[in-house]
Structures are given as C-alpha cells and as structure tokens.
Amino acid sequence: MLTKKQHELLMFIHERIKETGVSPSFDEMKEALDLASKSGIHRLITALEERGFIRRLAHRARALEVVKMPEQATAAAPAKGRAPFKPDVIEGGGRNRAVPQAANDVRELPLLGKIAAGTPIAAIQHEQDRFFVPESMLGSGEHYLLEIEGDSMIEAGIFDGDTVVIKRTNNANNGEIVVALVEGEEATLKRLRRKGQSIALEPANRAYETRIFGPDQVEVQGKLVGLLRRYH
C-alpha cells in the first residue's frame with residue numbers, strides 16, 4: 001500500500017518521464033508535492049524503491065525509472081517447483097479467504113489512528129494519514145483503516161503493528177470481529193458474541209479474558225473486512 005504522498009510522487013515522476021524522457025529533479029519534486037525540504041523527497045523515494053515501484057539507475061544523474069504502477073503491484077511469480085504464496089484476508093466470523101488479485105481500481109482510505117487489540121485505549125479521534133487500497137478488497141460502503149496495538153487477537157492472525165481495513169457499520173453478526181466502543185470512550189478490536197441481553201467482547205489470545213457488557217455499554221462502529229501487513 002502507498003501513502004497519499006508516495007502515490008503523488010510516483011505519479012509525478014511517471015508523468016514527467018513520459019513527457020520529457022528525464023526524471024524530475026529533487027527540487028521539482030519538492031515543489032510539486034509542496035514539501036518544506038528535500039529530505040522528505042529522499043524518504044518518499046526510498047519508500048517507493050523498497051516497495052518495488054521505482055529503481056535508481058546507476059552512474060546517471062537524476063536517473064529514476066518507474067518499474068510498476070500501483071495497479072500492477074501484484075505478487076511476483078513463484079520460483080520453479082515452489083507453490084505460490086497466498087496471503088489471507090482475515091474476515092469477520094473467523095474464516096480466512098485468499099486475497100483476490102488486486103484490481104486496477106484503488107480507493108483512498110483514511111488511517112484514523114491506533115486501536116487496541118488488548119486493553120482498550122482512548123477512542124479513535126482523528127485522521128492521521130491516507131492510503132490506497134484495492135477496490136477488490138473493499139466492496140460497497142464506507143471504509144477506514146486502523147493500526148493495531150496489542151496482541152490479544154494474534155490467534156486470529158492479527159498482530160501488533162498490522163493495519164486493518166474496517167467497514168463502517170453499526171451492525172454485526174455473532175462471531176464477527178468488530179471495532180467496539182465501550183461505554184462511550186474506549187475503542188477495541190474484538191470478536192463479538194451476543195447471548196440474550198449480554199454482549200461479550202472475545203479476544204483471540206488465551207492470555208486474555210472475555211469481557212461481558214450490557215446491551216447499552218457497547219456500540220459497534222465497524223467490522224473487520226481485511227488486513228494489510230508490511231514487512232519492512
């Protein structure tokens with residue numbers, strides 16, 4: 001996934017090379033993205049290079065090559081004789097499904113902050129950044145992103161530092177993993193269980209206990225539809 005600035009820089013470099021045959025200078029990139037210093041451009045270029053979108057050409061000044069565009073960011077072909085790696089999207093209800101191949105269309109989603117997958121923390125308050133996510137992962141409705149903090153959902157494959165894709169909704173079925181607002185001020189990611197008038201927020205880690213609440217103490221603010229993970 002790319003941040004908004006990473007995507008803007010990649011498109012600017014691509015368009016400039018297409019128009020002139022030469023990659024833009026750092027000053028031109030800084031001005032185009034309205035950044036205060038060239039150090040920000042250096043960080044963006046490094047991030048794009050690490051993710052395989054651009055390549056620096058040796059022994060040439062201002063030499064950048066666009067290797068792929070965001071819609072082409074699909075998994076590399078497996079080595080001969082080796083089974084292809086198939087990442088999972090973690091779906092509410094506990095079932096894992098293979099991620100569909102990225103569609104050409106992407107949607108820009110806001111990262112609203114961190115959410116605890118352990119002891120609840122302060123409710124999410126504001127947008128921190130924006131990322132581009134394949135439409136094929138989303139479906140209809142409004143979505144947002146949250147960064148996981150904690151380890152109480154590790155047995156569902158959700159780890160500290162992961163970014164989860166949440167569909168905004170006030171309703172969820174039993175067994176779905178939801179963003180739950182507890183008593184109006186604490187947000188947490190847990191599996192939802194209802195029994196009679198009670199609502200249980202169930203962790204996926206044997207080290208944590210299930211918490212039980214009354215029907216007026218928990219508000220569902222969204223449910224898990226996907227997971228994004230970076231390895232650097």
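Residues take their numbers from the sequence shown, with the count starting at 1.
Residue Ile154 holds its CD1 atom at 6.5 Å from CZ of Phe159, rounded to the nearest 0.5 Å. Of the inter-residue distances, the one linking Thr163 atom OG1 with Ile148 atom CD1 reads 8.5 Å to the nearest 0.5 angstrom. Taken to the nearest 0.5 Å, the CZ atom of Arg211 stands 10.5 Å off from the CD atom of Glu209. To the nearest 0.5 Å, the span separating CD1 on Ile54 from CG on Leu44 amounts to 9.5 Å. In this structure, CG on Leu33 lies 10.5 Å from NZ on Lys4, to the nearest 0.5 angstrom. Within the model, atoms CD of Glu149 and CG of Leu189 stand 12.5 Å from one another, a figure rounded to the nearest 0.5 Å.
Scored by the salt bridge (Lys or Arg N to Asp or Glu O under 4.0 Å) test, Glu108 finds Arg130 as partners (sequence neighbours excluded). Applying the side chain to side chain contact (heavy atoms under 4.5 Å, CB included) rule to Glu183 yields the partners Gln217; only residues at least two apart in sequence or on another chain are considered. In this structure, Glu31 has no side chain to side chain donor-acceptor pair (under 3.5 Å) partners at least two apart in sequence or on a different chain. Here Asp27 pairs with Ser25, Lys30, Lys38 under the side chain to side chain contact (heavy atoms under 4.5 Å, CB included) rule; sequence neighbours left out. Residues that satisfy the side chain to side chain contact (heavy atoms under 4.5 Å, CB included) test with Lys195, not counting sequence neighbours, are absent from this structure. Applying the side chain to side chain contact (heavy atoms under 4.5 Å, CB included) criterion to Ser140, with sequence neighbours excluded, gives Lys167. Not counting sequence neighbours, His14 has no partner by the ring pair (Phe, Tyr, Trp, His ring centres under 6.0 Å) test. Arg168 meets the salt bridge (Lys or Arg N to Asp or Glu O under 4.0 Å) test with Glu142; sequence neighbours excluded. Residues satisfying the side chain to side chain donor-acceptor pair (under 3.5 Å) criterion with His143, sequence neighbours excluded, are Arg107.
Pairs engaging residues 213-226 under the salt bridge (charged side-chain N to carboxylate O under 4.0 Å, His left out) rule: Glu176-Lys223 [sequence neighbours left out].
Residues Val179 and Val164 are not in side-chain contact: their nearest non-hydrogen atoms beyond the backbone lie 4.5 Å or more apart. Looking at heavy atoms from C-beta onward, Arg16 lies out of side-chain contact with Ser23 at the 4.5 angstrom threshold. The closest side-chain heavy-atom distance from Lys190 to Glu202 is not below 4.5 Å. Leu64 is listed as a side-chain neighbour of Arg56, based on a closest heavy-atom distance under 4.5 Å. Within the 4.5 Å cutoff, the side chain of Leu228 has heavy atoms near those of the Met137 side chain. At a threshold of 4.5 Å between non-hydrogen side-chain atoms, the residues Leu112 and Leu145 do not count as touching. The closest side-chain heavy-atom distance from Ile115 to Ile166 is not below 4.5 Å.
Of the listed residues (Leu224, Leu227, Val225), just one forms a side chain to side chain contact (heavy atoms under 4.5 Å, CB included) with Val165, and that residue is Val225.
Minimum heavy-atom separation, Ile199 to Gly214: CD1-O, 4.3 Å. For Ala156 against Ile177, the heavy-atom pair with the smallest separation is CB-CD1, 4.2 Å. Among all heavy-atom pairs drawn from Tyr144 and Gln221, the shortest one is OH-O, 3.2 Å. Of all the heavy atoms in Asp160 and Gly150, the pair that sits closest is OD1-N, 2.8 Å. Shortest non-hydrogen contact noted between Val220 and Ala172 is CG1-CB, 4.3 Å.
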Problem set entry | Ile45 and Met29: CA distance, side-chain angles, deciding distance, side-chain contact (heavy atoms from CB on, under 4.5 Å) verdict | CA-CA 10 Å; Ile45 286 178; Met29 288 185 271; 3.8 Å; yes
Exercise. Step by step, would you call Ile17 with Val22 a side-chain contact (heavy atoms from CB on, under 4.5 Å)?
Worked result: CA-CA 5 Å; Ile17 293 174; Val22 180; over 6 Å; no
For this session: List the steps, then state whether side-chain contact (heavy atoms from CB on, under 4.5 Å) holds for Phe131 with Gln6.
Result: CA-CA 9 Å; Phe131 293 86; Gln6 288 168 1; 5.8 Å; no
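Hydrophobic side-chain contacts under 4.5 Å tie Ile212 to no other Ile, Leu, Val, Met, Phe, Trp or Tyr residue.
Asp162 contributes no side-chain N or O that, together with a main-chain N or O of Arg229, makes up a donor-acceptor pair within less than 3.5 Å. The backbone N or O of Met153 lies less than 3.5 Å from no partner atom in the side chain of Asn205, so there is not a single donor-acceptor pair.
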